[in-house]
Number of protein chains: 2
Amino acid sequence: MPNRDISKSVIKRLPVYLRILDNLIRRDVEIISSKELSLESGFTAEQIRKDLAYFGAFGTRGTGYNTAYLREKILKIIGLDKKTNIIVIGAGHLGTALTRYNASKNPYVNIVAVFDKDPHLIGQKINQIEVLPVEKLHDVIKRHMIKVAIIAVPANEAQEAVDGIVKQGITAILNFAPAKLHVPEGVHVHNADLTIELQSLIYYCSAEEERLSRLRHETGEPKSSKMLSLD
Amino acid sequence: MPNRDISKSVIKRLPVYLRILDNLIRRDVEIISSKELSLESGFTAEQIRKDLAYFGAFGTRGTGYNTAYLREKILKIIGLDKKTNIIVIGAGHLGTALTRYNASKNPYVNIVAVFDKDPHLIGQKINQIEVLPVEKLHDVIKRHMIKVAIIAVPANEAQEAVDGIVKQGITAILNFAPAKLHVPEGVHVHNADLTIELQSLIYYCSAEEERLSRLRHETGEPKSSKMLSLD
DNA sequence: TAGATTGTTAATCGATTAACAATC
DNA sequence: TAGATTGTTAATCGATTAACAATC
């Protein structure tokens, strides 16, 4: 009943709160206000309170939030209260780096195996995690009840890979391939598109310069106190 | 004048259009309608037309968009019409993978160098790109007029690294460190937070199950035709 | 009680969608 | 001209912000 399709933006902020709480607890901070959380997260205090209120009332009026308690609650909300088994598809450079990264930095997930179709890569170990042939997909997904996969294959192989794992029961995909994936209803895809992030960032550099130059042209005022006066 | 602070969401979609156009041109498709672009991108045709209209009128009524022409325009808008020089901070596993990835997959950027403070890594080459000590930051940034950096250092070193490069003139940062970065006005940060993407994805798995179980409990109807009837 | 901060409702803002006139 | 599709304005929707009553 409380859970009537909460927006993606809210869900994306929950792990941010979780990380901040983890850090606070490590520093033995026991109570935190939404205002302080705002400072740490960059989101407004009102937004934080509203986000949490979608799921319940976890704070104490006049005081703030107990860090350990709120952490527990957020873990339960996201579904991280028990380790999630996941697999990685693609044991190339990126797949290997992502596997290592999550194995060492993400305590809430457990990478069961990495899959590849290149015979040269099969049998290798990445931080103790085995690289298996795609033929083993079915077995591993069934045995470990896996629902979540990371896709780290080339763009032209991504759709095929996704079709395969979706057929085996995967319902959540973190996609690093620069390709639009088509999935049936009920399967969730998050795109982590490094190229797009970088390219859209570049817009802001050039835009900055262009804005300045356009400004100079339109106002007809060539001397700007903000620029080096080389002329 | 046409460029009155266009929203982040619009800017994030431009590289998607670019990629689709690159693919279409490779397949010798010369004309594309917003409706077809919608199919390839997952965004609505109206949204695509509106996005492009922020920057000008690039299509032909009754016909559609010329792929090569639109590509050129988008390149200019983003600022990818000439290669952008960038640097990577951090030559660990992730930094190495990101460097390799961009060097081979992103034709619009040129990674000039990778920086690290670990003496063991200095002098190594990643796809022909040298790993340099942080002392060389100043020189390289100045010589290659670098404005964009990728941060791939551990979370606890990220702020320090950012302070350093911002002082040297970096104005755009793609941050892979799981930390909130504080930067002065005018510096743009895009967070590419792999952990957050993965964790928020997990919400949707558990939410799905919970929704089902909540449904079962609330309706008091234990037999569901969608479940295996093991009982 | 006074001070503080949450939880929640109302107001505002911005982005997406719908509609349609312009025009190829 | 008829058919198609863009470019643009208006309507809707959703998310963020502001305000404040509840309450510790």
Side-chain angles (χ1 to χ4, degrees), chain A residues 1-17 20-21 24 29-74 77 196 200 203, chain B residues 1-17 20-21 24 29-74 77 196 200 203:
Chain A
M1 198 78 76
N3 188 358
R4 41 176 49 266
D5 254 20
I6 285 140
S7 91
K8 278 196 176 188
S9 346
V10 174
I11 304 305
K12 280 268 174 79
R13 287 191 289 264
L14 295 179
V16 179
Y17 305 147
I20 293 170
L21 290 169
L24 289 169
V29 178
E30 286 179 5
I31 302 288
I32 185 111
S33 68
S34 59
K35 202 190 267 181
E36 293 166 298
L37 278 174
S38 168
L39 244 54
E40 302 265 352
S41 65
F43 306 126
T44 67
E46 297 82 358
Q47 189 164 56
I48 293 167
R49 292 203 301 275
K50 195 148 202 297
D51 284 352
L52 298 175
Y54 282 114
F55 303 98
F58 307 129
T60 308
R61 290 171 197 228
T63 309
Y65 300 91
N66 178 291
T67 51
Y69 180 74
L70 183 57
R71 172 175 176 276
E72 283 305 319
K73 287 299 182 183
I74 292 181
I77 292 164
I196 282 173
S200 61
Y203 167 84
Chain B
M1 204 72 79
N3 188 358
R4 42 175 49 265
D5 254 20
I6 285 140
S7 91
K8 278 196 174 187
S9 346
V10 174
I11 303 305
K12 280 267 173 81
R13 287 191 289 266
L14 294 178
V16 178
Y17 305 147
I20 293 169
L21 290 168
L24 289 169
V29 178
E30 285 179 3
I31 301 288
I32 186 108
S33 69
S34 59
K35 201 190 270 181
E36 292 166 298
L37 278 173
S38 168
L39 244 55
E40 303 264 354
S41 65
F43 307 124
T44 67
E46 296 82 356
Q47 189 164 57
I48 294 168
R49 293 204 300 277
K50 194 147 204 295
D51 284 352
L52 297 175
Y54 282 114
F55 302 98
F58 307 128
T60 309
R61 289 170 198 230
T63 309
Y65 299 90
N66 177 292
T67 51
Y69 180 75
L70 183 57
R71 172 176 176 276
E72 285 302 322
K73 287 299 183 183
I74 293 181
I77 292 164
I196 282 173
S200 61
Y203 167 84

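So that the names make sense, note that chain A is the first sequence line, chain B the second, and so on, each numbered from 1.
- The side-chain contact (heavy atoms from CB on, under 4.5 Å) test applied to B:Ile31 returns B:Thr63, B:Asn66, not counting sequence neighbours.
- With contacts defined as side-chain heavy-atom distances shorter than 4.5 Å, the pair A:Ile6/A:Phe55 qualifies.
- Contacts of residues 29-37 of chain B with DNA chain D (heavy atom under 4.0 Å): B:Ser33, B:Ser34.
- Contacts of B:Lys50 classified as side-chain contact (heavy atoms from CB on, under 4.5 Å), with partners at least two apart in sequence or in another chain: B:Tyr54.
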Check residues 8-17 of chain A and write down every donor-acceptor pair under 3.5 Å in which the side-chain atom is one partner and the other belongs to a residue at least two apart or another chain.
| unit_1 | atom_1 | unit_2 | atom_2 | d |
| --- | --- | --- | --- | --- |
| A:Ser9 | OG | A:Ser7 | OG | 3.4 |
| A:Arg13 | NE | A:Asp51 | OD2 | 2.6 |
| A:Arg13 | NH2 | A:Asp51 | OD1 | 3.0 |
| A:Arg13 | NH2 | A:Asp51 | OD2 | 3.4 |
| A:Tyr17 | OH | A:Asp51 | OD2 | 2.6 |

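- Listed by chain and residue number, B:Ser33 satisfy the side chain to side chain donor-acceptor pair (under 3.5 Å) test with B:Glu36 (two or more places apart in sequence, or in another chain).
- For the segment residues 44-51 of chain A, residues with any heavy atom less than 4.0 angstrom from an atom of DNA chain C are, sorted by number, A:Arg49, A:Lys50.
- Counting only residues at least two apart or on different chains, no salt bridge (Lys or Arg N to Asp or Glu O under 4.0 Å) pair has a member in residues 39-49 of chain B.
- For the side chain to side chain donor-acceptor pair (under 3.5 Å) test, no residue two or more places apart in sequence or in another chain qualifies with A:Ser41.
- From B:Ile20, atom CD1 reaches atom CG of B:Leu39 across 10.0 Å, with rounding to the nearest 0.5 Å.
- Residues meeting the side chain to side chain donor-acceptor pair (under 3.5 Å) test with A:Thr67, sequence neighbours left out: none.
- Of the residues in residues 58-67 of chain A, those placing a heavy atom less than 4.0 Å from an atom of DNA chain D are A:Thr60, A:Arg61, A:Gly62, in numerical order.
- Here chain B contacts DNA chain C (any atom closer than 4.0 Å to a heavy atom, that is under 4.0 Å), and the contacts span C:dA15 to C:dC24 from 5' to 3'.
- With A:Tyr65 as the partner, the side-chain contact (heavy atoms from CB on, under 4.5 Å) test is satisfied by one option alone out of A:Thr60, A:Ile32, A:Leu21: A:Ile32.
- Contact between A:Phe58 and A:Leu52 at its shortest, heavy atoms only, is CE1-O, 3.7 Å.
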Dot-bracket for DNA chain C, 5' to 3', counting Watson-Crick or G-U wobble pairs under 3.5 Å, with [ ] for crossing pairs and | for inter-strand pairs? ..||||||||||||||||||||||
